[in-house]
Amino acid sequence: MTSVLDATDLRVRLGGESVLGGVSLSVERGEFVGLVGPNGAGKTTLLHTLNGTRLPDAGAVRVDGEPVGGQSSREVARQVATVPQETTLSFSFSVADVVEMGRTPYVSRFGTTTPADHEAVERAMTAAEVAEFADRSVQTLSGGERQRVLLARALAQETETLLLDEPTASLDINHQVRTLELVADAVADGRAVVAAIHDLDLAARYCDRLLLLADGGIRAAGEPGSVLASDALQTAFGVPTELSEDPTTGTPRVTAVTDRGSTPSEDGPAPDAE
Amino acid sequence: MYAVALTGVLALVVTVSAGVGPVSIPAVEVAQVILNAVRLPVGVEFTGGGSGLLRVPSVEILTHAPFGFAVDDTHTAIVRTVRLPRILLAAFVGVALAAAGTVMQGFFRNPMADPSIVGVSSGAATGAVASIVLPFALPFGIGLQLAAFLGGIVAGFAVYLIATRDGRTPTATLLLVGVAIQTLLSAVVSAMILFSGDSMRRVVFWLMGHLKNAGWGDVAAAAVVVPPLVVALAAYARDLNVLLLGEVDASALGVDVERSKRALLAISSVLTGAAVAVAGVIGFVGLIVPHGVRLLVGPDHRVLLPTSALAGGSFLVAADTVARAGTIELPVGIVTAAAGAPFFLYLLRTREVYEL
């Protein structure tokens with residue numbers, strides 16, 4: 001069995017409301033799985049459940065066959081890294097400091113970072129293309145640069161599984177593509193990646209497989225083309241859609257159809273607020 | 001590097017401070033008195049133990065301060081029995097308050113946080129005032145200092161318990177519960193002051209914070225409590241850095257968030273309680289020193305915590321020196337506030353200030 005991340009029948013209730021009503025998924029090494037779905041579908045909650053920061057009310061998450069619930073957050077953080085949607089970077093830590101925080105699960109309480117830690121930080125900064133501004137304060141960075149710093153921090157954790165929550169939500173098209181290319185590199189290195197991506201076209205372009213999450217359940221799963229073509233997509237987003245092929249990339253393209261004509265899906269739902 | 005420099009500053013401030021008072025003693029002479037004292041235990045060991053590899057450093061100290069400088073006996077007595085205990089106590093209290101303040105500001109991600117924020121100071125004040133005002137002695141022979149310390153710990157613990165639900169303690173809830181408990185306790189203290197009668201002056205003096213009547217016993221107690229706890233806080237410096245990025249993030253990075261929060265809160269509360277118990281409520285040190293130092297060294301708690309602690313020690317020693325230098329002795333709390341606030345405003349205006 002090659003799947004590194006397994007979730008079975010996850011159920012989560014928040015404030016009495018069911019947010020996840022029995023979600024199962026499994027991700028293999030070297031696989032890029034995109035999580036798509038309308039706002040409030042439970043994408044962020046699912047990611048928090050997968051990385052162990054939220055315990056499910058029922059069901060279990062297994063990483064390498066070991067249940068996450070029975071492990072310390074330190075142990076889990078050596079196996080699963082997360083790039084959050086947004087983080088408080090209002091402190092004048094340098095980029096290198098923030099990336100080095102990715103080594104937290106490896107540094108003992110009374111110890112200091114080792115040369116191996118520094119090498120991991122360097123590798124991560126190079127891979128995420130943030131090495132050239134390693135000494136700058138994170139407060140001076142643009143949105144796209146900050147996103148790459150957070151990606152570098154997650155890479156520095158040296159985990160087999162990488163979770164990303166809307167990594168491209170607030171970026172311009174140049175940085176959207178650049179960030180996803182870096183994630184694709186991480187996948188090529190053999191990592192298992194799950195990313196919540198609200199832009200369906202980008203998701204279809206970069207992901208090996210898509211999971212459509214709506215109303216706390218997976219409504220469609222499989223090849224990007226089949227998921228985007230499914231009726232479940234139209235039901236989930238509550239809007240008629242048409243599928244075409246992007247002439248440049250040759251990947252599926254979704255267009256939402258309205259009475260006034262068609263609008264591209266980029267103008268669709270705003271990213272989940274959290 | 002900052003830490004080394006600040007240790008030097010602290011030693012210098014202590015030495016100079018010991019020379020200030022009704023009898024002025026030059027700093028050099030003070031240093032001689034202190035060095036003479038350093039020689040004492042070493043000399044005993046030397047004569048008893050004979051030679052040996054481990055004794056070599058002792059011999060060296062003897063040569064650096066050979067058989068005492070000729071120092072006036074009165075001056076020696078003044079420095080060693082009157083001034084030094086007070087100064088060292090000021091240093092320990094300053095270290096404790098600044099370290100606790102640094103941790104609280106990081107913990108709450110709130111620039112207004114100080115060591116008293118979770119109600120420890122108010123609790124300690126309540127305990128101390130009760131022991132002064134109440135017409136009967138507290139049971140088990142609890143004195144003022146122990147009453148203050150226990151009051152602080154009980155208040156801090158109560159705030160934590162009230163703010164905790166299902167094993168989670170949201171910092172915002174903790175902050176609000178702390179404010180509520182502080183308000184409640186200040187009402188209790190005010191009521192007790194109203195009925196304090198003859199002891200009112202003593203109560204008010206205590207509440208303003210003072211280091212008068214410090215003895216070597218207090219110093220020994222502080223030396224046992226403060227340095228180990230500051231080291232313990234330093235062990236959580238990395239966790240505190242990561243917590244600055246938010247609790248969900250910290251958890252995903254492998255920090256056991258609730259456990260680290262409990263440890264940070266407990267250690268800083270004991271530090272604060274101990275400081276307030278021996279020195280009364282000295283405001284501003286725990287608020288302003290961490291801010292000032294953060295502006296200089298940045299937000300990394302692995303650097304910030306030790307530097308801030310050392311700076312706090314120096315600051316309180318200096319403030320207490322001013323407090324006792326005049327003809328009328330002022331409560332040191334007045335000096336820390338009067339000197340600290342303008343200095344802080346200066347830093348705010350001259351340095352680029354980020355959040356926190």
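Naming convention: chains lettered A, B, ... in sequence-line order (proteins, then strands); numbering from 1 in each chain.
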Identify the two heavy atoms, one from V255(B) and one from S73(A), that lie closest to each other, and give their separation to 0.1 Å.
O-OG, 3.3 Å
For atom CZ of F133(A), decide whether the heavy atoms of other residues, nucleotides or ligands shown that lie under 6.0 angstrom number more than 12.
yes
Heavy-atom distances under 4.5 Å only: say whether Q71(A) touches chain B with side chain, backbone, both or neither.
neither
Q85(A) CD to D249(B) CG distance, which is reported to the nearest 0.5 Å:
11.5 Å
Heavy atoms of other groups near E132(A) CD, more than 12 under 6.0 Å
yes
If you compare all heavy atoms of T104(A) against all heavy atoms of L253(B), which two are closest, and at what distance to 0.1 Å?
CB-O, 3.6 Å
Is it the side chain or the backbone of V257(B) that comes within 4.5 Å of chain A heavy atoms, both, or neither?
neither
Take atom CZ of R302(B) as the centre, draw a 6.0 Å sphere, and report whether it contains more than 12 heavy atoms from other residues, nucleotides or ligands.
yes
Could you pull out the closest heavy-atom pair between P299(B) and S92(A), with the gap in Å?
CD-OG, 3.5 Å
Would you indicate whether the side-chain heavy atoms of E100(A) and D300(B) approach each other to under 4.5 Å?
no
Taking every non-hydrogen atom, the tightest pair across N241(B) and F93(A):
OD1-CZ, 3.7 Å
Set out, in order, the CA-CA distance, both residues' side-chain angles and the distance that settles side chain to side chain contact (heavy atoms under 4.5 Å, CB included) for R153(A) and L245(B), then state yes or no.
CA-CA 12 Å; R153(A) 189 183 76 183; L245(B) 306 186; 3.0 Å; yes
Heavy-atom proximity to chain B below 4.5 Å, by part of S72(A)
neither
